[in-house]
Amino acid sequence: MKKILFTMIAMLMTLALNAQISVWDGTYENWDTIHSGTTDDPILIENAAQLARMSQFIYCSQEPKYYKLTTDIDLDNRIWNPIGYIESVSCPEFNGYFDGDNHTIYNPSNTLFYSTYNGYIKNLTTRGSVVYREAEYYNFGLITYWAPLVENCHNYCDIIINAHSYMTAGSIAGECNTIINCSNHGNITINADNLSWCFVGGIAGGADVIEECYNTGDLNIEISNCNKCKIGGISGLIITEISHSYNTGNIMVNCENSYAGGIVGDMNEYINPLNDIFINSCYNAGNIEAANVGGIIAKTDHENITINVDNCYYINTIASINDYGSPKSESEMKTQDFVNLLNDGGNFYAMDDLYVNRGFPIFAIYYSVDETVFENKISVYPNPANSVVTISGDNLLKIEIFNIIGQTVFSTICNADENTINIANLNSGIYLIKVGTTNGKEFATRIVKE
């Protein structure tokens with residue numbers, strides 16, 4: 001039977017049409033204390049005022065708690081004190097586990113979480129126009145200043161920072177132990193006169209381990225004088241490993257003493273003892289302009305350190321100062337052969353069938369669709385459709401519709417074998433419909449909205 005692979009990216013960046021948004025009016029509200037704060041009974045953050053209350057809470061004397069966001073939040077570009085930052089308290093760090101539950105925080109004006117002592121931040125998206133900051137914290141990430149673990153977090157805001165003294169910055173985290181499945185889609189601009197150092201990445205300024213992350217935003221660094229300027233499409237600095245990550249954003253660094261790499265700028269020389277580092281199955285398709293340019297990693301002249309770069313590639317318009325990684329033409333990078341090369345027997349990458357990444361490979365969850373089963377057991381009609389589409393079949397559990405950039409535009413739990421969905425308010429174009437059944441199977445197909 002013929003199999004078709006349908007690609008869906010960023011499926012957890014949900015933006016349901018019927019989602020309610022809680023707009024912050026500058027007030028604070030205590031959350032309901034009936035929840036114990038355990039994994040099975042997390043504290044529910046149900047509106048913007050309760051999220052703001054988290055920024056006033058002192059966590060250092062508390063046992064780590066679990067928190068779960070239950071709605072989208074609009075911070076309305078109001079002045080925001082990062083959660084875990086209280087200047088007059090000696091140990092204000094956030095001490096807990098925050099699950100955004102795939103909700104979105106709109107219009108943030110500052111980093112959401114300051115320093116996270118224990119725990120993690122997961123399943124959160126930030127959207128808005130421009131976040132402008134004077135670098136009062138020296139580290140900056142829109143999700144967090146620092147955390148042990150950040151997972152499935154995504155940024156769509158542009159970030160502009162006027163830096164002072166030194167700067168470690170990324171869209172997701174300033175610094176982090178481990179970052180998994182995160183992405184940046186906004187541009188990052190750093191302006192400064194004199195800096196002791198500047199470490200900037202599309203995802204993080206610095207990290208220990210980064211897995212399955214990507215950056216599509218441009219990085220623009222304008223510094224008159226900087227002692228150490230290390231810029232990377234994914235991370236400015238790396239301690240141990242970056243794997244299965246890619247950058248398609250352009251990097252422009254106007255600074256004499258600068259090292260800019262398509263994936264990472266440099267290893268973290270401030271860690272003692274120094275580790276060997278590993279960069280695996282990554283690619284860079286963004287252009288780079290800097291004093292010293294590396295297709296994958298820029299600065300590599302470290303004694304007694306082994307830099308292991310395996311199965312990594314960069315666009316051949318880059319004149320790399322080293323031989324880490326292999327150059328490929330744009331046309332080569334947009335082929336199934338290149339996808340297979342990156343995957344090396346795995347299934348992390350897929351062809352950009354819907355051209356959401358300018359044709360370069362994307363991360364994907366594959367749905368193998370048996371056409372005969374789909375046609376005989378599950379029907380989707382009419383196709384093309386104008387105002388309504390009907391989905392019918394046996395054992396239907398859930399229906400989701402995604403636009404071409406991976407956002408969820410419709411989601412419902414099925415209560416019948418035939419479901420008619422109103423799509424009149426969707427823009428014209430191609431959409432993906434995913435159908436889940438009660439027996440655990442998932443199918444997907446495309447539909448055209450006229």
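What you are looking at is a predicted structure, and each value in this text was computed from that prediction instead of being measured. Computed from heavy atoms alone, side chains included, the values below leave out hydrogens, waters and symmetry copies.
Thr38 and Asp40 share no side-chain donor-acceptor pair at under 3.5 Å. Between the side chains of Asn152 and Asn181, at least one donor-acceptor pair of N or O atoms lies under 3.5 Å. For the residue pair Asn292 and Ser258, no side-chain donor N or O sits within less than 3.5 Å of a side-chain acceptor on the partner. No donor-acceptor contact under 3.5 angstrom links the side chains of Asn81 and Ser55, judged on distance only. When only modelled atom types and interatomic distance are considered, Asn155 and Asn184 share a side-chain donor-acceptor pair under 3.5 Å. Checked by atom type, the side-chain pair Thr125/His154 shows no donor-acceptor distance below 3.5 Å. Between Ser36 and Asp41, the side chains place a donor N or O and an acceptor N or O closer than 3.5 Å (distance only, hydrogens not considered). Inspection of the Asn247 and Asn215 side chains reveals an N or O donor paired with an N or O acceptor under 3.5 Å. Under the 3.5 Å distance criterion, with hydrogens and angles disregarded, a donor-acceptor pair is assigned to the side chains of Ser281 and Asn311.
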task = Please test Lys299 against Asp266 for salt bridge (charged side-chain N to carboxylate O under 4.0 Å, His left out), starting from the C-alpha separation and ending with a verdict.
result = CA-CA 5 Å; Lys299 188 169 176 55; Asp266 190 10; 5.6 Å; no

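Evaluation of the ring pair (Phe, Tyr, Trp, His ring centres under 6.0 Å) test over residues 215-253, restricted to residues two or more places apart or in two chains, returns Tyr214-Tyr246, His244-Phe348, Tyr246-Tyr283, Tyr246-Phe363.
Checked for salt-bridge contact, Glu151 and Lys122 meet the test: a charged N lies under 4.0 Å from a carboxylate O. The pair Glu400-Lys398 meets the salt-bridge criterion, since a charged nitrogen lies less than 4.0 angstrom from a carboxylate oxygen.
Both the sub-6.0 Å distance and the 45° axial angle are not jointly satisfied by Lys65 relative to the ring of Tyr97. Geometrically, Arg127 engages Tyr156 in a cation-pi contact, judged by NZ or CZ lying under 6.0 Å from the ring centre and within 45° of the ring axis.
For Tyr117, the OH atom sits in a loose shell: 12 or fewer heavy atoms of surrounding residues, nucleotides or ligands are nearer than 6.0 Å.
Ring-plane geometry between Trp197 and Phe199 is classed as parallel, the angle between the planes falling under 30 degrees on a 0 to 90 degree scale with a further cut at 60.
Taking 4.5 Å as the limit, every side-chain heavy atom of Ile221 sits out of range of all side-chain heavy atoms of Asn254.
Aromatic ring centres of Phe98 and Tyr67: separated by at least 6.0 Å. Between Trp31 and Phe57, the distance separating the two ring centers is shorter than 6.0 angstrom.
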